[in-house]
Enquirer: 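Below is a structure I'd like to ask you about.
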Amino acid sequence: MSPLPLLLPLLLLLLPLLNMEPARATLIRIPLHRVQPERRNLNLLRGWREPAEVPKLGAPSPGDKLTFVPLSNYRDVQYFGKIGLGTPPQNFTVVFDTGSSNLWVPSRRCHFFSVPCWLHHRFDPKASSSFQANGTKFAIQYGTGRVDGILSEDKLTIGGIKGASVIFGEALWEPGLVFTFAHFDGILGLGFPILSVEGVRPPMDVLVEQGLLDKPVFSFYLNRDPKEPDGGELVLGGSDPAHYIPPLTFVPVTVPAYWQIHMERVKVGPGLTLCVRGCAAILDTGTSLITGPTEEIRALHAAIGGYPLLAGEYIILCSEIPKLPAVSFLLGGVWFNLTAQDYVIQTTRNGVRLCLSGFQALDVPPPAGPFWILGDVFLGTYVAVFDRGDTKSGARVGLARARTRRAALGLGETAQAQFPG
């Protein structure tokens with residue numbers, strides 16, 4: 001008897017399984033480290049807050065012209081991770097920044113008077129067997145800080161992924177003190193391609209295109225507990241349910257350049273409503289605080305008793321923290337609440353307890369602005385899953401309350417990725 005009649009029922013049973021797309025995959029994990037900068041360093045780096053001229057998105061950037069990235073605030077970034085460039089890998093610490101789209105690190109060939117270069121790890125082309133010269137000039141203006149250099153090509157090592165050929169910037173000139181006191185060497189942008197200087201493919205796109213990452217999805221878990229030594233994780237390829245309390249609320253990206261979404265309203269306690277007619281919001285891992293238009297941030301601080309300092313910052317009386325109202329953001333039809341414990345930054349300097357507001361005034365002019373920036377004060381309380389989407393579905397961001405570090409560890413470290421449905 002032929003085995004064909006026996007195999008047909010089995011094949012019919014297996015056919016749906018063969019056509020199913022796998023919904024789970026191994027996570028690529030990059031540990032994040034956190035450093036609390038000294039207050040005197042914050043004053044020197046405060047200039048990052050000032051917005052630069054906003055470019056027309058998608059406009060080419062000639063080598064001798066600056067490309068402006070007005071959003072990211074690197075003056076007090078606390079979270080960064082490690083990558084490698086070259087063969088064998090040369091290690092660097094970088095800020096993983098959703099507000100820009102280029103990768104750059106200091107170069108061994110940097111200008112003699114570029115002080116930040118000499119205080120950080122520098123890329124040496126001669127030490128890499130896989131280095132390929134490009135030579136195109138690039139320049140980026142971050143607020144009052146600037147980076148000039150040349151583009152090069154080499155292999156990227158990140159979270160165990162090896163062999164991705166990326167074009168990156170070798171910084172030859174970093175004028176001023178902005179990067180001198182930074183705890184990181186360079187920046188790895190996770191924004192959309194339209195923001196990229198010189199049309200360079202962002203590292204995330206390269207990993208997907210070269211088959212080294214299953215999906216264009218990544219997520220951030222930021223540990224805000226100052227008593228804990230680790231700063232959390234960047235997860236590539238999906239999200240780890242151990243990091244958050246389900247379900248994820250997905251909000252569509254309205255402008256695929258920065259990770260920009262629509263925010264329906266902001267409420268401060270029961271008595272004050274901001275963003276009354278809806279407004280734009282940017283989810284930016286390169287910004288430490290939550291920023292908004294000056295008038296609205298001023299009204300917010302009047303409601304919570306904030307006292308103005310310099311550069312749009314406010315101080316809070318530490319004794320008032322238990323009495324302060326919640327600040328809530330309506331995103332995708334769901335309220336995301338921050339308590340005073342979430343939005344007041346408590347530090348101790350020379351034995352003196354200092355309480356700073358996590359909200360800061362920042363006016364971004366049209367056509368890009370005005371908008372709010374939901375930085376690390378928000379993203380430390382809520383895990384964000386950044387999904388670039390595909391040809392069938394657009395980009396979106398998933399949000400869910402972050403678990404405490406102990407709770408996350410209690411669920412085990414072997415969880416696999418969950419892709420948005």
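Keep in mind the model is a prediction, meaning the values are calculated, not measured.
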Enquirer: With side chains defined as the heavy atoms from C-beta onward, is the minimum distance between Phe184 and Val94 less than 4.5 Å?
Expert: no

Enquirer: Compare every heavy atom of Ser128 with every heavy atom of Gly86, then report the nearest pair and how far apart it is.
Expert: CA-OG, 3.3 Å

Enquirer: Assess whether salt bridge (Lys or Arg N to Asp or Glu O under 4.0 Å) is satisfied between Asp342 and Arg401, documenting all intermediate values.
Expert: CA-CA 12 Å; Asp342 298 322; Arg401 185 86 187 188; 3.5 Å; yes

Enquirer: One pair to check against ring pair (Phe, Tyr, Trp, His ring centres under 6.0 Å): Phe123 and Phe168. What are the steps and the verdict?
Expert: CA-CA 11 Å; Phe123 178 76; Phe168 65 99; 5.1 Å; yes

Enquirer: Does the Thr98 side chain pair with the main chain of Leu283, one donor and one acceptor, at a distance under 3.5 Å?
Expert: yes

Enquirer: Could you tell me if the side chain of Leu188 sits less than 4.5 Å from the side chain of Trp104, heavy atoms only?
Expert: no

Enquirer: Taking the side chain as every heavy atom from C-beta outward, state whether Ser357 and Glu313 have any pair of such atoms under 4.5 Å apart.
Expert: no

Enquirer: Main chain of Arg403, side chain of Tyr221: is a donor-acceptor contact present, judged purely on distance under 3.5 Å?
Expert: yes

Enquirer: Taking all heavy atoms of Ile187 and all of Ser100, pick out the closest pair and write down the distance.
Expert: CG2-OG, 3.9 Å

Enquirer: Going through the distances and angles, do Thr136 and Ile150 end up as a side chain to side chain contact (heavy atoms under 4.5 Å, CB included)?
Expert: CA-CA 5 Å; Thr136 302; Ile150 57 173; over 6 Å; no

Enquirer: Could you check if a side-chain atom of Tyr382 sits within less than 4.5 angstrom of a side-chain atom of Asn337, using non-hydrogen atoms only?
Expert: yes

Enquirer: Under 3.5 Å, is there a donor-acceptor pair between the side chain of Thr285 and the main chain of Phe96?
Expert: yes

Enquirer: Using a 3.5 Å cut-off and no angle test, enumerate the donor-acceptor pairs between side-chain atoms of residues 261-271 and protein atoms at least two apart in sequence or in another chain.
Expert:
| residue | atom | partner | partner atom | Å |
| --- | --- | --- | --- | --- |
| Glu264 | OE1 | Gly332 | N | 3.0 |
| Glu264 | OE2 | Gly333 | N | 3.0 |

Enquirer: Check for a donor-acceptor pair, side chain of Gln210 on one end and backbone N or O of Ser165 on the other, with a separation under 3.5 Å.
Expert: yes

Enquirer: Could you check whether Phe329 and Phe336 have their ring centres less than 6.0 Å apart?
Expert: no

Enquirer: Report yes or no: do Thr87 and Ser130 form a side-chain donor-acceptor pair below 3.5 Å?
Expert: yes

Enquirer: Does Asp284 use its side chain to pair, donor to acceptor, with the backbone of Gly375 at less than 3.5 Å?
Expert: no

Enquirer: Do Asp185 side-chain atoms and Val105 backbone N/O form a donor-acceptor pair below 3.5 Å?
Expert: no

Enquirer: Would you mind checking if Arg388 and Asp205 are paired as a salt bridge, meaning a charged N to carboxylate O distance below 4.0 Å?
Expert: yes

Enquirer: Look at the side chain of Thr287 and the backbone N and O of Leu289, then say whether any donor-acceptor pair between them is shorter than 3.5 Å.
Expert: no

Enquirer: Do side-chain atoms of Gln260 reach the backbone of Val253 as a donor and acceptor pair under 3.5 angstrom?
Expert: no

Enquirer: Show the nearest heavy-atom pair for residues Tyr244 and Pro246, with the distance to one decimal.
Expert: O-CD, 3.4 Å

Enquirer: Between Phe80 and His33, how do the two ring planes meet: parallel, tilted or perpendicular, split at 30° and 60°?
Expert: tilted

Enquirer: Can a salt bridge be assigned to the pair Asp240 and Arg29 using a cut-off of 4.0 Å between side-chain N and carboxylate O?
Expert: yes

Enquirer: Using the ring of each side chain (for Trp, its six-membered ring), is His301 parallel, tilted or perpendicular to Tyr314, with breaks at 30° and 60°?
Expert: parallel

Enquirer: Ring centres under 6.0 Å, that's the criterion: do Phe386 and Trp259 meet it?
Expert: yes

Enquirer: Do NZ/NE/NH1/NH2 and the carboxylate oxygens of Lys162 and Asp154 come within less than 4.0 Å?
Expert: no

Enquirer: Are Leu300 and Val327 close enough that some pair of their side-chain heavy atoms sits under 4.5 Å apart?
Expert: yes

Enquirer: For the backbone of Arg108 and the side chain of Asp124, can you confirm whether one donor and one acceptor N or O come within less than 3.5 Å of each other?
Expert: no

Enquirer: Regarding His121 and Gln90, is there a side-chain donor-to-acceptor distance under 3.5 Å anywhere?
Expert: no

Enquirer: What I'd like to find out is whether the side chain of Leu399 reaches to under 4.5 Å of the side chain of Phe378, using heavy atoms alone.
Expert: yes

Enquirer: Would you say the side chains of Glu170 and Ser152 form a donor-acceptor pair under 3.5 Å?
Expert: yes

